[in-house]
Every structure is written in C-alpha cells, then in structure tokens.
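Data block below; observations after.
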Amino acid sequence: MAASVPDIRSVKAKALQLFAERFNEQAAVCVYAPGRVNLIGEHTDYNEGFVLPMALPLVTVIAGKSHDGRKTKIISSSDVVDATNEFEFEAGKRADIKSGEPKWANYVKGCIANFICDVPAFNAVIVSTVPAGAGLSSSAALEVATYTFLEALSGKKPEKPEQKALACQKAEHDFAGVPCGIMDQFISTMGKEGCALLLDCRDLTIKQIPMVHIDDYVFLITNSNAPHKLSSSAYCERRDCCYEAAKMLGKKSLRDADMNDILALISRNIASDCVVRRARHVITEIQRTQDAAVALEKGDFQLFGRLMNESHDSLRDDYEVSSKELDSLVSAAREVDGVLGSRLTGAGFGGCTVTLLRKDAVNKAIQHMKAKYSGVPAFYIATPTGGAREVSIN
Ligand code: ADP
Ligand code: MG
C-alpha cells in the first residue's frame, strides 16, 4: 500500500549495519522509541486539559556499545538541518555536559545529563523513520530512544516511567531550548500496542484506550510537507489569551471553565472577541477529547470522526492555527466516501493531518488528496504501536 511504514525490524537492521560500518565492530545494545500522532486534543495541554495521542510504527532506533575510552561519539543517519550529522564529546560526569553545536545533539546530551547515573563513554548510531519537524514528534522519539539506550547500557531505570518522560521533557526544555508540553514524551515512553493514551495534563494520570473495535477502520496521516510556521509569538499569543480568559473567570485554568463561562464573558462584555474564541476552542476541545476517548473505546467511529471534524473547524475558525495547506488536505479527505473525519494534528500552521476512514477507502483517499493538493504530500498508516523498548540485536 502507498502509505505503509517501513518495518521496525528493517530500521533496526539498518542501524546495526551502520554501526558495524562506522565503528568496525558489532553493536551490543539496540533500542527504539516511537513518534506519535495526536488523534484529538490540540492546545489543551497548557490549559490542564486532555490529549489523546497514539504511538506510531515510525520510530527512532539507536544502536551502540560502551567502551573504555573517554569520548562518546554519536552519528545520525538522518538529514538533520545542522551542518554535521555526527558529534563527539568528553564523557564523564553528567553534570558537566553542556549544550552547544550541532543543535540536534542537544536532545541527546540533555538526556545523558538528566539520566539517573553517570554512564561510560559509548559509540552509537541513530536511524529514524520519524520525519523531523513534521509534528510527529521526532524530538521526543530521539530523547526517549536516548534515555532507553542509557537504561540498556547501564542496567539502571527510574522507578516509574513518568520520571523517564519528565527527564526527557527537561532535556528538551533545558538543552534544546524548546518549551514543549509533556504529551510527546509520555506517549513515546508509555504507548501500548493497540491503544491510544488518554493523558490528563493536569495531574499526569493516564488511561490506555484499547482500539479493539477498529478492524474495518484506520487512521491515515498525511504530511503536508509545508514548512512549519508556528512562530513562538503566535504560540505565546494563543497561550496568553487562554490565561487571560481563565483569570477573568476567576479559574485556575480553562480546564475548570464551561460554555456558561463563555456566555458570561460575552454578556459581561469584558473579553475581546478574540479571547472569547480562543477560550471557546479550548473548552470545547477538552470536552471533545474526553468524548472521543469514550467513543474510541466503545467503537463508535462515526462519533469519533464527527469530533475530529469539529476539532479541526474549531482550530481553523476559533483558534486560527490552521493553514491553507492543512485546510485543503482536510477538505479533500472529507470529500471521499468512507472518510469519517479529518483534522490537522499538532500545534498547526503546517505539519500533518490525521484522517479516520474505512480501510477500503485508503487508496481512494490518497489519490484524491494528491490530486487536490498543490504540494507533494506523504502518507502513513497509523497502527497503534508500543512505547520505547530494548530490542535484541540478533
Ligand atoms: P518534531 O518533534 O515535530 O519532529 P521538532 O522541531 O520538535 O519537530 O524536532 C525536530 C528536531 O529534532 C530536528 O530539527 C533535530 O534537531 C532533532 N531530531 C529529530 N530526529 C533526529 C534524528 N534522527 N537525528 C538527529 N536529530 C534529530
Ligand atoms: Mg518535537
């Protein structure tokens, strides 16, 4: 099928081969961590709401081996934006590790710095099928793969998987300088095969949602391949509107607000039209995400699809984070018989869409989206995959 994803075993084989070629010996340890797609629940994380991601068969694999020398050397096979795809640094005390160039290496260094113990020097290669910068979380896949690699290398693990996810998030904040939420690291760490993950961003509790009834349906990801344009100022403007609305309502966050509060904001005439619309998106999206989790568990895919459509329309009209490319892919998908819902996924302004459709409509949907879209999209079938793990090297 046009949208199938390379088998994880073939990505592993590629990493083991690359390691052998570059370091003239066999790797001793191999791990992978998945990228993710968020099925619904956009811009809800910083409002203490819910998100519903699932882990993807698109993965980042790290293969490597420790040695008695002093330098840790890491090579990425991917076309990262930085000038070089390899770097080395003095191994030693993790507290001495500093961020620097190349930028992509900061995701790796941050995880070593935040690991639970010092690790010996090592050589490693990274091979990934998660497209970088497309909103499928190649950054968290890289962090969680690194952390999992360190666990395998040292034989030590934190007590709870939450600690691992939080350490990876801290690596992204402190070393890569990206103030990301916690969803990506949670799903890459705790994803369960066959399940989506309902994460409560208020108290970080999770619920695995088994997709037992999905047989005839599938989620299809479409990468717009349009450059990601969510500037930090646009992101801050959205976030500040949410905080302002919550403050006007005397609530800790918009998680505690409901549609009556929106009516109150309008009737008291205290908030700008823009703030009202931003808050309305968040309040309705938090509810939709909870409803979608129930629908998924029950196998009510008609309802799930409707909620996806409502989510996209709200992101487009109230939150204003869509783009002409994403709108065009979503409209094209919705025209196809057998499509139940389609929406942008991720923060918006570029990246991917996710579509729920009947399996037998996939080829038609791909053809139609390709014909209607002005750019060159890429497609992936999203099969719910397990979280990060060590894999045998044989
Ligand atoms: P996303 O997480 O949506 O893919 P981000 O901008 O958060 O996008 O993260 C992308 C960045 O993560 C890349 O620019 C690069 O620095 C780093 N990265 C991701 N995957 C790899 C990889 N396989 N090798 C090297 N760096 C990577
Ligand atoms: Mg990211």
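Any value given below was found using the heavy atoms of this structure, including those in side chains, with hydrogens, waters and symmetry copies removed. Start at 1 and go down the list; that is how both ligands and their atoms are numbered.
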For ligand 1, which atoms have a heavy atom of [X] less than 4.0 angstrom away?
| X | result |
| --- | --- |
| Ser78 | 22 (C), 23 (N), 24 (N) |
| Ile126 | 23 (N) |
| Ser76 | 22 (C), 23 (N), 24 (N), 25 (C) |
| Gly135 | 3 (O) |
| Ala132 | 4 (O) |

Point to revise | Listed protein N/O/S atoms, distance to the Mg ion (ligand 2) under 2.8 Å | key: Ser139 OG
Quick check, are the ring centers of [X] and [Y] under 6.0 angstrom apart?
| X | Y | answer |
| --- | --- | --- |
| Phe115 | Tyr147 | yes |
| His67 | Phe122 | no |
| Tyr32 | Phe149 | no |

Do ligand 1 and [X] have nitrogen or oxygen atoms that lie under 3.5 Å from each other?
| X | answer |
| --- | --- |
| Ser139 | yes |
| Ser138 | yes |
| Leu142 | no |

Check your understanding: What part of Ser128 sits under 4.0 Å from ligand 1 if we count only heavy atoms: the side chain, the backbone, both or neither?
Key -> side chain
Inter-residue atom distance [X].[atom1] - [Y].[atom2], 0.5 Å rounding:
| X | Y | atom1 | atom2 | answer |
| --- | --- | --- | --- | --- |
| Leu307 | Leu39 | CG | CG | 12.0 Å |
| Phe175 | Ile97 | CZ | CD1 | 6.5 Å |
| Leu356 | Arg343 | CG | CZ | 12.0 Å |
| Leu142 | Ser137 | CG | OG | 10.0 Å |
| Arg288 | Ile40 | CZ | CD1 | 6.0 Å |

Check your understanding: Heavy-atom contact under 4.0 Å between Pro131 and ligand 1?
Key -> yes
Review point. For the residue pair Tyr46 and Tyr243, does the interplanar ring angle fall in the parallel (under 30°), tilted (30 to 60°) or perpendicular (over 60°) class?
Key: perpendicular
**Study point:** From CA spacing to verdict: salt bridge (Lys or Arg N to Asp or Glu O under 4.0 Å), Asp300, Lys298
**Key:** CA-CA 6 Å; Asp300 188 346; Lys298 277 196 200 153; 6.0 Å; no
Practice item. Check ring pair (Phe, Tyr, Trp, His ring centres under 6.0 Å) between Phe87 and all other residues, then give those that pass, not counting sequence neighbours. Key: Phe89, Trp104
